[in-house]
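We name chains A, B, ... by the order of the sequence lines, and we start the count at 1 in each one.
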Amino acid sequence: MSDVRTRFAPSPTGFLHVGGIRTALFAWLIARQAGGTFILRIEDTDQAREVQGSVDHIQESLKWLGLNWDEGPYFQSKRLDTYKKYAQQLIDSGRAYADPYTPEQVQEFREEAKKEKKPFLYRNHRPENPPVWDGSKPLRFKSNPKEHSWHDEVMGDLHSGEEVIDDFILLKSDGFPTYNFCHIIDDHEMKVTHVIRGQEFLASVPKYLNLYEALEIKPPVMATMPHIMSEQGNKKLSKRDGAKDILDYRDEGYLPESMINFLATLGWNDGTEQEVFTVNELIKKFDLSRIQKSGAQFDERRLLWINGAHIRNLSLNDLYEKVTIFWPEEAKKTDESYRKEVLALVQERLKYFAELPELTRFFFADLPVNPGLISGHKQLKKYEAPQLKELLEKARDSLEQSDFSVEDLKERLNKLLESTSEKPAVLFSLIRIATTQSPASPELTGSLHVLGKEKVLARIDQQLQAL
RNA sequence: GGUCUCAUCGUCUAACGGUUAGGACAUCAGGUUCUCAUCCUGAAAAUCGGGGUUCGAUUCCCCGUGAGAUCACCA
C-alpha cells in the first residue's frame with residue numbers, strides 16, 4: 001500500500017449534495033489510483049449546527065456511490081485532548097494566547113475598521129499582556145504576518161501578502177477547536193498527504209500555512225477544487241439554493257456510476273474525446289493537473305444522458321437487479337422471466353428508473369381505451385371509425401393465426417401492409433395503440449410477442465368495441 | 001469595500017504560439033417499416049473588451065470588464 005492518504009471531512013450539518021460528493025470523489029480517486037488510503041473524518045466541532053442523523057446519512061451516501069473508506073469515521077469531537085495538546089504546545093512556544101475581549105468588543109473593532117474603510121485585523125488589537133488561558137476565553141493563534149508562496153495542484157503557484165495573515169481562534173470558549181485549527185492537527189496526525197477541498201477555503205490557505213510554520217509541520221499537497229455552480233450559473237451550489245440530496249438521485253433511479261462519471265467529468269477530462277467512463281477507467285485516468293480552474297455549472301440534462309448511456313451498457317441481469325423497487329405496482333404479481341422480457345424491450349429507452357412504470361405499465365395491466373390516442377394521431381385522425389374498424393379487424397384475423405414468435409409476427413405484419421396497402425404509420429400505429437393504450441411503447445413486434453396472443457387479441461377486441 | 005481565483009458555442013469542455021477553433025450535452029432538420037427512445041446523418045452555435053510582445057496570439061504580458069469565493073467563538 002502506498003503512503004498516499006486522502007480524506008473526506010464533511011461536517012454533519014445535513015445531507016451531501018453534488019458539490020460535497022465531488023470533493024469526496026476526487027480525494028477517493030487519488031487514493032485509489034495510488035493504492036493509498038481514503039479516510040472519512042467527521043468535523044463535528046460546531047455543536048450548534050449539528051443535524052441529527054446526518055452522520056448516518058453521509059455514510060449511506062458514500063456507500064451508495066461506492067466511495068468506500070479505509071479508515072474512520074473519525075470524530076473530531078472525540079479528539080479534543082489531541083487539540084488541547086497542540087494548543088498547549090503553541091502556548092508554550094508563545095504562539096497562542098487567551099483572547100481577553102468579549103465578542104461584542106471584537107465586533108466593535110470590526111465596525112471601527114469598516115468606518116475607516118480599513119481592513120479589519122484582529123492582530124492590530126493584540127493585547128500586550130494577555131491573561132493566562134484558563135479555557136473560559138477563546139485561545140487565539142499569534143500569527144506571524146508575512147508573505148506566503150505555495151503551490152496548488154489545481155490552481156498552480158499562488159502568493160499572498162501579509163495583510164491576509166491574522167490571529168484567528170484556535171479553541172472556542174466552549175472548549176471545541178475551530179476548523180481552522182483542528183483540521184491541520186488531524187491531517188498531520190492522520191498523515192494525510194493530499195488535501196482536496198473546495199474553493200471556499202482558498203482564501204484561508206495563507207493563514208493555514210502560517211500555522212503550519214508555527215507548529216513546524218510540513219504542509220500536505222493541496223488541491224483546490226473549483227465550485228460547482230447552480231443551474232443559473234450565478235452562485236456556488238448550496239443546499240439553500242435547492243441543491244438536491246445526493247440520495248435523491250438514487251431514489252429517482254440514477255446509477256451510482258453515472259453520478260460518478262458525471263461529477264468526475266464536470267471540470268475534468270482526460271484530454272481525449274471520451275465522455276462515458278467506468279469507475280475503473282476514472283481511477284486509472286484521473287489526474288489532478290487536468291482539473292479545470294473555473295467553476296462549472298451543474299447541468300442535470302447531461303447527467304440524464306450519462307445515466308442513459310450507463311443503463312444501456314448494463315447486462316440485462318444487472319439491470320434487472322437494479323430496477324427491483326421501480327416496477328409499477330401491477331408488475332409485482334408477474335414472474336421474473338416476463339419482467340425480464342419487458343425490461344429487455346425498454347432498456348434502450350430508459351434514462352432513469354423512475355420512468356419505468358409509465359414506460360411499462362401496459363405490459364402488466366389492461367388500460368382503458370384512450371380515444372385521444374387516435375384522435376390526436378396525425379395520420380389516424382384522418383380516418384373514419386368504420387375504416388379503422390375494418391383495418392383492425394383484418395389485423396386481428398391475421399394475428400389470430402400467428403404463433404406469436406417475433407419472426408412470424410414480423411412476416412404477418414409485412415404481408416398485412418401489402419394486402420391492405422396501408423402505410424406503416426397507419427397500420428402499425430393502430431395496432432400499437434389498440435394493444436398498448438399508451439402514448440409511447442417499445443417497438444411493435446417485440447411488444448406483441450411479450451404481451452402474448454391472448455392479451456393482444458383481447459385488447460384489439462376492446463378497441464374494436466370502442467370504435 | 002479589501003483580498004484571492006477564474007474567463008472558448010446556451011451548458012460541460014479540447015486545442016506544447018501556427019487548426020477551416022475540435023468533441024459532447026441540449027436545440028433544430030432529415031433517416032432507421034408505428035409512437036417514445038436508441039442509433040446514424042446534417043444544421044445552427046464560442047475564443048469578454050482594449051492595448052502590447054511576436055512573422056503569427058484562444059494560448060504570453062498589461063489595463064479594463066464580468067463572474068465566483070472569502071473577510072465568524074461555521075466548516
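- Closest to the side chain of A:P103, out of B:C73, B:U38, B:G68, is B:C73.
- As a whole-Å value, the separation of A:M155 CE from B:U70 P is 13 Å.
- As judged by a 4.0 angstrom heavy-atom cut-off over every strand, A:E273 is placed among residues touching the sugar-phosphate backbone only.
- Between B:C34, B:A14, B:A75, one nucleotide has an atom nearer to the side chain of A:F428 than all others, and that is B:C34.
- Here A:D299 does not pair with A:R302 in a salt bridge; the nearest charged N to carboxylate O distance is not below 4.0 Å.
- Contact annotation for A:F120: no contact, since no heavy-atom pair falls under 4.0 Å across all strands.
- In this structure, B:G18 and B:C55 make a Watson-Crick or G-U wobble pair, each of the two defining distances being under 3.5 angstrom.
- Among the protein residues, A:D99 comes within range of no part of the nucleic acid, since none of its heavy atoms lies under 4.0 Å from any strand.
- Residue A:W305 has its side chain nearest to B:A24 when only B:U3, B:A75, B:A24 are considered.
- Using N1 to N3 plus N6-O4 or O6-N4 for Watson-Crick, or N1-O2 and O6-N3 for G-U wobble, each under 3.5 Å, B:G42 pairs with B:C28.
- Listed nucleotides B:C34, B:G68, B:G2 differ in distance to A:E443; the shortest reach to its side chain belongs to B:C34.
- Between A:L202 atom CG and B:U3 atom C1' there is a gap of 11 Å when expressed in whole angstrom units.
- In this structure the side chain of A:R126 reaches within 4.5 angstrom of the side chain of A:Y97, judged on heavy atoms.
- Here B:U11 presents its P atom at 17 Å from CD1 of A:I306, a figure rounded to the nearest Å.
- No side-chain heavy atom of A:F363 sits under 4.5 Å from any side-chain heavy atom of A:R339.
- Below the 3.5 angstrom threshold, one finds a donor paired with an acceptor across the side chain of A:S173 and the base of B:C73.
- The residue A:E275 sits close to a base: some heavy atom pair falls under 4.0 Å.
- The C1' atoms of B:G2 and B:A21 are separated by 39 Å, rounded to the nearest whole Å.
- Atom OH in A:Y383 sits about 14 Å away from atom P in B:C34, given to the nearest Å.
- Look at CG on A:N307: it is 17 Å from P on B:A37, rounded to the nearest Å.
- OP1 or OP2 of B:A14 has at least one side-chain nitrogen or oxygen of A:Q292 nearer than 4.0 Å.
- When both pairing distances are held under 3.5 Å, B:C4 makes a Watson-Crick or G-U pair with B:G68.
- At least one side-chain heavy atom of A:F277 sits under 4.5 Å from a side-chain heavy atom of A:T265.
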From CA spacing to verdict: salt bridge (Lys or Arg N to Asp or Glu O under 4.0 Å), A:D270, A:R290: CA-CA 7 Å; A:D270 73 341; A:R290 286 196 68 92; over 6 Å; no

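- For A:K236, taking side-chain heavy atoms from C-beta onward, the closest of the listed nucleotides B:U70, B:U38, B:A75 is B:U70.
- For B:G23, neither phosphate oxygen OP1 nor OP2 lies less than 4.0 angstrom from any side-chain nitrogen or oxygen of A:R302.
- Remark: A:K322 fails to qualify as a cation-pi partner of A:F353 under the 6.0 Å distance and 45° angle criteria applied to the six-membered ring.
- When heavy atoms are screened at a 4.0 angstrom cut-off, A:Q347 is found touching no nucleic acid atom at all.
- Rounding to whole angstrom units, NZ of residue A:K293 and P of B:U5 are separated by 9 Å.
- For A:N269, a side-chain nitrogen or oxygen approaches OP1 or OP2 of B:A14 to under 4.0 Å.
- Counting only heavy atoms from C-beta outward, the side chains of A:F262 and A:N307 never approach each other to under 4.5 Å.
- Electrostatic pairing of A:D167 and A:R140 does not count as a salt bridge here, judged by no charged N lying under 4.0 Å from a carboxylate O.
- Nucleic acid contact for A:L158: sugar-phosphate only, since backbone atoms but no base atoms lie under 4.0 Å from a heavy atom of the residue.
- A donor and an acceptor atom sit less than 3.5 Å apart, one in the side chain of A:R349 and one in the base of B:C36.
- Phosphate contact (OP1/OP2 of B:A75, side-chain N/O of A:K172, threshold under 4.0 Å): present.
- Backbone-only contact: A:K351 has heavy atoms under 4.0 Å from sugar-phosphate atoms and none from a base.
- Nucleic acid contact for A:G267: sugar-phosphate only, since backbone atoms but no base atoms lie under 4.0 Å from a heavy atom of the residue.
- Looking at heavy-atom distances under 4.0 Å, A:T45 makes contact with sugar-phosphate atoms alone, never a base.
- Atom pair A:L380:CG and B:C34:C1' shows a separation of 9 Å (rounding to whole Å applied).
- Looking at heavy-atom distances under 4.0 Å, A:P442 makes contact with a base.
- Atom NZ of A:K207 and atom P of B:C74 are 12 Å apart (whole Å).
- At a threshold of 4.0 angstrom between heavy atoms, the contacts of A:T265 are confined to the sugar-phosphate backbone, with no base atom among them.
- Here A:L444 lies in heavy-atom contact (under 4.0 Å) with a base.
- Across every strand in view, B:C73 sits unpaired, with no contact that passes the Watson-Crick or G-U test at under 3.5 angstrom.
- A:A440 comes within 4.0 angstrom of a nucleotide base, judged by non-hydrogen atoms across all strands.
- Closest to the side chain of A:R432, out of B:G2, B:U35, B:C73, is B:U35.
- With B:A14, B:C73, B:C12 as the candidates, the nucleotide lying closest to the side chain of A:R110 is B:C73.
- Looking at heavy-atom distances under 4.0 Å, A:R140 makes contact with sugar-phosphate atoms alone, never a base.
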